[in-house]
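Below: one structure, written as structure tokens.
Quick note: residue numbers are just sequence positions, from 1. The analysis underlying the following values was restricted to heavy atoms, covering all of them including side chains, and did not include hydrogens, waters or symmetry mates.
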Amino acid sequence: MKEVFLESHNVKNLYFGFGQFNYHLIKGLYAAKAKDLKIILHAKDTGALKTEFGDYFKYKKYFSFRRYNQFAIRKKYDLWHSLNQNIVIEPYYDIPYILTVHDVNFVHEVSSDMNHIRNIRFKEKLARSNAIVYISNFAKEATHNYFDVPNVPEYVIYNGNTIGKVDIPENYKPNNVVLKNPFLFTIGEINERKNFHTLVEMLQFLPKINLIISGKNSTEYAETIQKLIAKYKLENRVYVTGKISEKDKYYYLQNCLAFVFPSLREGFGIPPIEAMSFGKPVFLAHKTSLPEIGGDYAFYWEHFDPKYMADVFTKGMDIFENNREDYELNYKKRASNFSWNTAASEYLEVYRQVLNNTTTVK
């Protein structure tokens, strides 16, 4: 039986996109129950994974020193899958290798100098790849725009919808903020890329609507948002909650007027899919992968002038309210098309194709 090694140690970071990707892909692989492959999970807390998934997987404990070549993992697995483009742990030997690319935002956010260590590391990953998987067509296009991509098989495999059946008690109240007035909701790590400050500026033109922003807010950008809240005297209308529980997130998605996501750079964008699961109207930046994810029933901002954003929102809500049944149905249908089980099955086929086309050095 062929052994497939998943460099999956980011599974520990379930509040972040890479952690969510790792965990839900692992769940999908577990559900697939492939009988021709043995998958090894590389993680810090192997005990928790084994408790959930038992002996279906093998497990290898993660140690950060493995990033150094002299301590690199030397077992010659039949196939190595690097689950994101930022991972610094690599196999010691030249073995069949698959890379999943989520985005190349680091070209904008770290350095556009192709001699920067971050870009050099990514180019090395590309060079050793026997196949490359992108989480969106946009991620593929952006990679080709900035880097020389080797002539290897390339695939686009969409992430799945993280929300399954949601059962929130009727009297449930979140631990953070409970609003009686209509509110907009957004979630994500609060940094400049998410562009959340434009929502605060927009709100001055939507006097009867509140806003909840959730997500890790330890960056300086969070201070920018707080200053804008004070500037426009929105302290009683805009709430920055910090990280929230899954149940609180579901509550806000279920009870919000609409989901708003003006992000500037997204390799995929799971939050809009989660919102569509509840039949909620979604308002997105018309940038990067978001039109690819939102589809025809989402509403889009072409730019971020606050009055323009408010007008797009008002007109979009009128369209939604006048066609509510059709829009809710299509939102839920689109969200259901993004499946982790489907994604896992597609990854398994990529594994098999690479294994059939390469020979591991023994």
Side-chain angles (χ1 to χ4, degrees), residues 3-34 37-67 71-73 75 77-91 97-103 105-106 121-122 125 132-136 139 157-164 187-189 215-216 243-247 249 266-271 273-274 338-348 350-351:
E3 290 191 323
V4 179
F5 182 89
L6 267 58
E7 208 312 280
S8 52
H9 79 269
N10 276 318
V11 70
K12 64 181 179 179
N13 300 316
L14 290 179
Y15 281 105
F16 296 93
F18 289 150
Q20 287 279 305
F21 172 83
N22 287 13
Y23 176 69
H24 288 287
L25 179 59
I26 288 168
K27 283 185 68 176
L29 293 170
Y30 177 74
K33 294 290 193 299
L37 301 172
K38 193 64 180 182
I39 297 172
I40 295 89
L41 305 183
H42 192 215
K44 188 172 183 179
D45 188 359
T46 56
L49 292 171
K50 191 166 186 177
T51 297
E52 183 169 0
F53 301 113
D55 294 331
Y56 176 72
F57 298 111
K58 287 185 179 179
Y59 305 89
K60 187 170 183 64
K61 191 170 181 61
Y62 164 82
F63 296 99
S64 60
F65 61 74
R66 296 289 190 191
R67 68 186 62 192
F71 301 114
I73 295 170
K75 180 168 180 179
Y77 293 101
D78 296 291
L79 177 63
W80 182 292
H81 182 187
S82 185
L83 291 188
N84 77 65
Q85 70 279 351
N86 297 334
I87 289 172
V88 296
I89 291 181
E90 300 283 18
Y97 185 94
I98 295 172
L99 171 64
T100 292
V101 178
H102 298 251
D103 61 63
N105 290 337
F106 49 86
R121 186 185 302 139
F122 182 64
K125 282 181 171 291
I132 303 169
V133 179
Y134 305 92
I135 65 170
S136 65
I157 299 178
Y158 286 129
N159 293 345
N161 182 1
T162 57
I163 292 182
I187 189 168
E189 185 174 4
K216 183 180 178 182
K243 293 190 292 187
I244 58 175
S245 68
E246 286 292 290
K247 189 170 285 190
K249 179 178 73 172
E266 292 292 329
F268 184 75
I270 288 178
I273 295 173
E274 294 179 327
F338 295 95
S339 163
W340 282 110
N341 287 347
T342 298
S345 294
E346 292 176 357
Y347 270 102
L348 287 169
V350 174
Y351 297 164

Query raised in the report: Between Leu29 and Ala344, what is the shortest heavy-atom contact and its length?
Result: N-CB, 3.4 Å

**Report entry** Separation between OH of Tyr158 and OG1 of Thr342, rounded to the nearest 0.5 Å
**Finding:** 13.5 Å

**Report entry** Heavy-atom side-chain proximity of Ile270 to Phe338 below 4.5 angstrom
**Finding:** no

Query raised in the report: Do any N or O atoms from the side chain of Gln85 and from the backbone of Asp103 form a donor-acceptor pair under 3.5 angstrom?
Result: yes

Report task. Check step by step if side chain to side chain contact (heavy atoms under 4.5 Å, CB included) holds for Ile244 and Ile187. Result -> CA-CA 9 Å; Ile244 58 175; Ile187 189 168; 4.0 Å; yes

Report task. Check for a donor-acceptor pair, side chain of Ser8 on one end and backbone N or O of Val11 on the other, with a separation under 3.5 Å. Result -> no

Requested in this report: Check for a donor-acceptor pair, side chain of Asp78 on one end and backbone N or O of Val4 on the other, with a separation under 3.5 Å.
Outcome: no

Query raised in the report: By side-chain hydrogen bond (donor to acceptor under 3.5 Å, both in side chains), which residues pair with Ser345, not counting sequence neighbours?
Result: none

**Report entry** Closest heavy-atom pair and its distance - Asn10, Asn84
**Finding:** ND2-ND2, 2.9 Å

**Report entry** Residue among Leu79, Ile98, Ile132 satisfying side-chain contact (heavy atoms from CB on, under 4.5 Å) with Val350
**Finding:** Ile98

Query raised in the report: Mind checking whether Phe57 and Tyr30 have parallel, tilted or perpendicular rings, split at 30° and 60°?
Result: tilted

Query - Reported CD1-to-CD1 distance for the pair Ile26 and Ile39, which is rounded to 0.5 angstrom - result: 9.0 Å

Query raised in the report: How close do Ala139 and Gly267 get, heavy atom to heavy atom, and via which atoms?
Result: CB-O, 4.4 Å

Report summary line: dist Asn13:CG -> Asn22:CG (nearest 0.5 Å) comes out at 9.0 Å

Requested in this report: Taking atom types as modelled, find out whether Tyr97 and Glu90 have a side-chain donor-acceptor pair closer than 3.5 angstrom.
Outcome: yes

Query raised in the report: So, do Asn159 and Trp340 sit near enough that their side-chain heavy atoms are less than 4.5 Å apart?
Result: yes

**Report entry** Side-chain donor or acceptor of His102 paired with backbone N/O of Leu83 under 3.5 Å
**Finding:** yes

Requested in this report: Look up atom OH in Tyr62 and atom CG in Leu41, then write down how far apart they are to the nearest 0.5 Å.
Outcome: 15.5 Å

Query raised in the report: Can you name the one residue among Lys60, Glu7, Lys61 that meets side chain to side chain donor-acceptor pair (under 3.5 Å) with His42?
Result: Glu7

Requested in this report: Quick one: pull up CZ in Arg121 and CD1 in Ile87 and give me the separation to the nearest 0.5 Å.
Outcome: 11.0 Å

Report summary line: Heavy-atom nearest pair, Ala31 first then Asn341, reads CB-OD1, 3.7 Å

Query raised in the report: Should the pair Tyr351 and Tyr347 be assigned to parallel (<30°), tilted (30 to 60°) or perpendicular (>60°) ring geometry?
Result: tilted

Report task. Kindly say whether Phe71 contributes a backbone atom to a donor-acceptor pair with the side chain of Arg66 at under 3.5 angstrom? Result -> yes

Per-pair distances, 0.1 Å, donor-acceptor, side chain in residues 44-52, under 3.5 Å, sequence neighbours excluded:
residue, atom, partner, partner atom, Å
Asp45, OD1, Gly47, N, 3.4
Asp45, OD1, Ala48, N, 3.2
Thr51, OG1, Gly47, O, 2.9
Glu52, OE1, Tyr23, OH, 3.3
Glu52, OE2, Tyr23, OH, 2.6

Report task. Supply the atom-to-atom distance Lys58 NZ to Tyr77 OH, rounded to the nearest 0.5 angstrom. Result -> 8.0 Å

